[in-house]
Amino acid sequence: MDGFETLKGKYLGAVASAASESALEEVRLAALGKKGEISALMSTLGKMDPDQRKATGAALNILRDEIDAALRAKKSALGDAALDERLRSEWLDVTLPGRPRRMGTIHPVSQVMEELTAIFADMGFAVAEGPQVESDWYNFDALNIPPEHPARQEHDTFFMHRAPGDNRPPHVLRTHTSPVQIRAMTEQGAPIRVIAPGRVYRMDMDQTHTPMFHQVEGLAIDRNISMANLKWVLEEFCRAFFEVPSVELRFRASHFPFTEPSAEVDIRCSWTGGQLKIGEGDSWLEILGSGMVHPKVLTAAGVDPAQWQGFAFGMGIDRIAMLKYGIPDLRAFFESDLRWLRHYGFAALDMPDLAGGLSG
Ligand code: PHE
């Protein structure tokens with residue numbers, strides 16, 4: 001049986017050195033395939049005499065089984081190696097932080113609206129809305145500004161066209177968010193606690209004025225609301241918004257037709273080396289108008305001034321955005337310059353909330 005030992009050595013050697021599954025398959029075909037060497041030897045058994053056939057057949061069976069076993073073992077080893085190699089080459093660290101993709105930025109005005117909404121929501125204020133094209137009744141009359149009142153001129157109003165022959169007073173682009181006071185009280189009655197952020201329009205354009213800008217109106221009506229509540233709410237808001245431990249506000253007596261008494265509010269700040277700091281220093285910056293809602297305004301909105309009272313304020317959103325984020329020129333807010341937006345914009349997925357820190 002010497003010939004079989006040589007065959008065995010040849011094929012086991014070939015199996016051992018087969019480096020791939022296809023090389024291994026070639027070895028299998030050469031040995032055990034239909035036309036393979038072992039199969040050919042098997043087919044010679046028929047011509048042998050019975051004793052020889054028995055001995056040779058048994059030896060060939062053993063040889064075939066050994067080669068077959070070697071082939072199977074090698075095949076599974078190659079399979080394991082291939083899997084290991086794939087696992088190695090396709091390995092990836094799923095714990096690595098994702099690479100941020102630029103997907104546009106949030107405009108500072110939108111960011112500040114989200115921030116102030118979060119702060120006022122925490123104090124129990126809901127968000128109310130009104131149209132930007134407003135009737136002159138909501139924008140003026142209901143707010144105690146009758147047609148001949150000088151405040152109408154001060155508002156630099158944009159008027160909408162009426163159809164020719166339609167002599168009703170024209171609609172206006174709202175000059176402030178105060179008409180939302182009337183709409184909210186008419187819809188919801190008292191008590192009520194709302195803010196109304198949004199766009200307003202005045203015919204004005206210079207370094208510190210644009211014809212469209214943003215205000216947030218605040219309104220709180222209940223049975224005993226006073227100027228003291230107004231002061232606390234505004235201080236609390238400024239502390240949270242500017243993210244400083246304390247702020248100082250200055251209330252200056254003022255006049256608005258829709259509040260009595262009325263006050264304009266300044267915030268203490270310092271300018272050192274072009275850097276603005278809130279809460280310290282010797283400068284004051286005006287940020288809002290406010291007061292106790294005039295009884296005539298309550299009446300216009302269907303709220304009984306004998307039972308209800310409260311405060312209102314109107315704050316410039318663009319102004320406080322400039323203050324908080326050190327943005328020098330108001331006009332750049334609305335020029336849609338991508339370089340400006342990339343510089344001053346906020347990451348799209350960072351939603352401000354009080355727990356996570358407002359401005360991230
Ligand atoms: N509407 C006023 C303005 O635009 C601000 C204001 C609102 C004042 C509410 C008092 C109360 O200047």
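A salt bridge is absent between E25 and K75; no separation between the charged side-chain nitrogens and carboxylate oxygens falls under 4.0 Å. A salt bridge does not link E286 to R319: none of the charged side-chain nitrogens sits closer than 4.0 Å to a carboxylate oxygen. Ion pairing between E134 and R183 holds under the 4.0 Å rule for side-chain N and carboxylate O. Electrostatic pairing of D68 and R28 does not count as a salt bridge here, judged by no charged N lying under 4.0 Å from a carboxylate O. We find that R331 and E335 are not joined by a salt bridge, their nearest charged nitrogen and carboxylate oxygen being 4.0 Å or further apart.
Annotation: F237 is in aromatic contact with F120 [ring centroid separation under 6.0 Å]. Checked against the 6.0 Å centroid criterion, the rings of H107 and F333 qualify as a close aromatic pair. Between F158 and H171, the ring center distance fails the sub-6.0 Å criterion. The aromatic ring centroids of F251 and F311 lie 6.0 Å or more from each other.
To the nearest 0.5 angstrom, L288 atom CG is 8.0 Å from L230 atom CG. Considering CE of M322 and CG of D318, their distance stands at 8.5 Å, rounded to 0.5 Å. Interatomic distance, Q215 CD to I195 CD1, rounded to the nearest 0.5 Å: 13.0 Å. Atom CD1 of residue I62 and atom CD1 of residue I67 lie 12.0 Å apart, to the nearest 0.5 angstrom.
Here the side chain of T210 pairs a donor or acceptor atom with the backbone of M212 at under 3.5 angstrom. Remark: side-chain polar atoms of Q111 are not paired, donor with acceptor, to backbone N or O of I106 under 3.5 angstrom. No donor-acceptor distance shorter than 3.5 angstrom exists from the side chain of T259 to the backbone of S262, with no hydrogens or angles considered. Judged purely by atom type and a 3.5 angstrom limit, T175 has no side-chain atom pairing as donor or acceptor with the backbone of R202. For K277 (side chain) and T272 (main-chain N/O), no donor-acceptor pair under 3.5 Å exists by modelled atom type. In this structure, S39 contributes its side chain and L32 its backbone to a donor-acceptor pair below 3.5 Å. In this structure a side-chain-to-backbone donor-acceptor pair under 3.5 Å is present from N144 to P257. A side-chain donor-acceptor contact under 3.5 Å links D337 to the backbone of R339. Between the side chain of D206 and the main chain of H209, a donor-acceptor pair closer than 3.5 Å is present. In this structure a side-chain-to-backbone donor-acceptor pair under 3.5 Å is missing from K8 to L63.
Taken together through direct or relayed side-chain contacts under 4.5 Å among Ile, Leu, Val, Met, Phe, Trp and Tyr, W232 and I278 form part of one hydrophobic cluster. Under the 4.5 Å side-chain heavy-atom criterion for ILVMFWY residues, no single connected hydrophobic cluster contains both V180 and M185. Residues I317 and V200 fall into different hydrophobic clusters, defined by Ile, Leu, Val, Met, Phe, Trp and Tyr side chains chained together at heavy-atom separations under 4.5 Å. Residues V293 and W308 share a hydrophobic cluster, clusters being chains of Ile/Leu/Val/Met/Phe/Trp/Tyr side chains in contact below 4.5 Å. The hydrophobic cluster containing F125 also contains M227, counting ILVMFWY residues as joined when their side-chain heavy atoms lie under 4.5 angstrom apart, directly or transitively.
Using a 4.5 Å heavy-atom cutoff, the side chains of I192 and V303 are not in contact. Under the 4.5 Å side-chain criterion, counting only non-hydrogen atoms from C-beta, E264 is not in contact with F313. Residues R53 and K47 have side chains not in contact (no heavy-atom distance under 4.5 Å, counting atoms from C-beta outward). Contact annotation: the side chain of L219 never approaches that of R193 to less than 4.5 Å [non-hydrogen atoms, C-beta and beyond]. With contacts defined as side-chain heavy-atom distances shorter than 4.5 Å, the pair H176/N139 qualifies. In this structure the side chain of S178 reaches within 4.5 angstrom of the side chain of F258, judged on heavy atoms. No side-chain heavy atom of V194 sits less than 4.5 Å from a side-chain heavy atom of V127. With a 4.5 Å cut-off on side-chain heavy atoms, W284 and C269 do not count as touching.
For D84, the CG atom counts as densely surrounded, since its 6.0 Å shell holds more than 12 non-hydrogen atoms of other residues, nucleotides or ligands. Residue-environment remark: CG (D65) exceeds the threshold of 12 foreign heavy atoms within 6.0 Å. The local environment of CD in E129 is sparse, with at most 12 non-hydrogen atoms from other residues, nucleotides or ligands closer than 6.0 Å. Atom CZ of R72 is surrounded by 12 or fewer heavy atoms from other residues, nucleotides or ligands within 6.0 Å. No more than 12 heavy atoms of other residues, nucleotides or ligands shown are found within 6.0 angstrom of CG on D51. With a 6.0 Å radius and a threshold of 12 heavy atoms from other residues, nucleotides or ligands, R268 has its CZ atom above the threshold.
Nearest heavy atoms, R168 versus D166: NH2-OD2, 2.8 Å. The nearest pair of heavy atoms linking L341 to T105 is O-OG1, 3.2 Å. Closest of all the heavy-atom pairs between P169 and R162 is O-NH2, 3.0 Å. Shortest non-hydrogen contact noted between A263 and F256 is O-CE1, 4.1 Å.
Donor-acceptor pairing under 3.5 Å is lacking for the side chains of N224 and S226.
Relative to the six-membered ring of Y138, R174 misses at least one condition, a distance below 6.0 Å or an angle of at most 45° to the axis.
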Taking it one step at a time, do Y11 and E66 satisfy side chain to side chain donor-acceptor pair (under 3.5 Å)? CA-CA 10 Å; Y11 283 110; E66 278 176 338; over 6 Å; no
Side chain to side chain contact (heavy atoms under 4.5 Å, CB included) assessment of F140 paired with T157: CA-CA 11 Å; F140 293 122; T157 313; 3.5 Å; yes
Please evaluate residues T299 and K296 with respect to the criterion side chain to side chain contact (heavy atoms under 4.5 Å, CB included), reporting the C-alpha separation (whole Å), side-chain torsions for both, the decisive distance (0.1 Å), and the verdict. CA-CA 5 Å; T299 305; K296 284 191 181 171; 5.5 Å; no
May I have the step-by-step check of side chain to side chain contact (heavy atoms under 4.5 Å, CB included) for S89 and E85, ending in yes or no? CA-CA 6 Å; S89 66; E85 176 54 27; 4.1 Å; yes
Assess the residue pair Q307 and R223 against the criterion (side chain to side chain contact (heavy atoms under 4.5 Å, CB included)); give the C-alpha distance rounded to whole Å, side-chain angles, the decisive distance to 0.1 Å, and a yes or no. CA-CA 6 Å; Q307 292 191 52; R223 297 203 183 268; 3.2 Å; yes
